[in-house]
Amino acid sequence: MKLIFNRAGSLTGGLIILGLSAPGLLAQEPPSRDTLLLAAEEIIEAARYCGFVTFDTSGNASVRMMDPFPPDEDWSIWMGTNRETRKVREIEGDPRVTLYCHSIDHVGYVAVYGKARLVDDPEEKASRWKTEWDSLYPDRESQYLLIQVIPDRMEVINYSRAIPGDPETWEAPTVEFRRTGG
């Protein structure tokens, strides 16, 4: 199931595939944008930690656990890191990333595919800080760096909200975020 929205949240088109994904689950109508985003937010919050995938210079995937902030209104997802990490070097070489969150409580997952941007703005960094990170950054000003994931598309499976995959292909419902103005 694919729903395509522009950055402002307006439906711009897409392919809808409906059907049974698990015994007894029948999708009557495609889930709305708000339903998919709410279902994704629930999983991200319940998961707390997510797998974050970047690519090295050989094109090999690197994955590590991250502690993201809740998604912004435009669905940007922010994370903090040490500026000396491998992920920073990999993002500088290839901004394509994936963020994968899975919650056992909601029996589902969210995969966000997009581009990462490194942000070293002092005001932004001050507004995106978790006190439990104090011991990780003894010199917060010089060590702490933000990663902003700007989504291109997102897959959502959330059985507690009756959002299954396609019954034959298992393809997850997808929201494609179209950038306006470029």
| field | I157 reachable from Y100 in the ILVMFWY side-chain graph, under 4.5 Å edges | value |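 Cluster IDs for Y100 and I157 match.
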
| message | Can you list, by chain and residue number, the hydrophobic cluster partners of F69 when the side-chain cut-off is 4.5 Å? | response |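 Listed partners: W78, V119, W129, W133, L136, Y137, Y144, L146.
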
| said: Which residues end up grouped with Y113 if you chain together Ile, Leu, Val, Met, Phe, Trp and Tyr wherever their side-chain heavy atoms are less than 4.5 Å apart? | reply: none

Please enumerate all residues that pass side-chain contact (heavy atoms from CB on, under 4.5 Å) together with [X], with sequence neighbours excluded.
X: R96; value: F55, D94, K115
X: P71; value: E41, I44, W75, I77
X: S142; value: D139
X: A39; value: V156, N158, R161, I163

| task | Please name all residues satisfying side-chain hydrogen bond (donor to acceptor under 3.5 Å, both in side chains) with R117, sequence neighbours left out, ordered by chain then number. | result |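 Result, side-chain hydrogen bond (donor to acceptor under 3.5 Å, both in side chains) vs R117: Q148.
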
Could you tell me which residues satisfy salt bridge (Lys or Arg N to Asp or Glu O under 4.0 Å) with [X], sequence neighbours excluded, listed by chain and number?
X: E73; answer: none
X: R89; answer: none
X: R83; answer: D120
X: D72; answer: R128

| task | Could you please spell out the steps behind the salt bridge (Lys or Arg N to Asp or Glu O under 4.0 Å) verdict for E155 and R153? | result | CA-CA 7 Å; E155 296 177 357; R153 69 183 168 92; 3.3 Å; yes

| request: Please determine, by modelled atom types, if D34 and S32 share a side-chain donor-acceptor pair under 3.5 angstrom. | output: no

| Partner residues of Y49 under the ring pair (Phe, Tyr, Trp, His ring centres under 6.0 Å) criterion, sequence neighbours left out |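 Checked Y49 against ring pair (Phe, Tyr, Trp, His ring centres under 6.0 Å); zero matches.
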
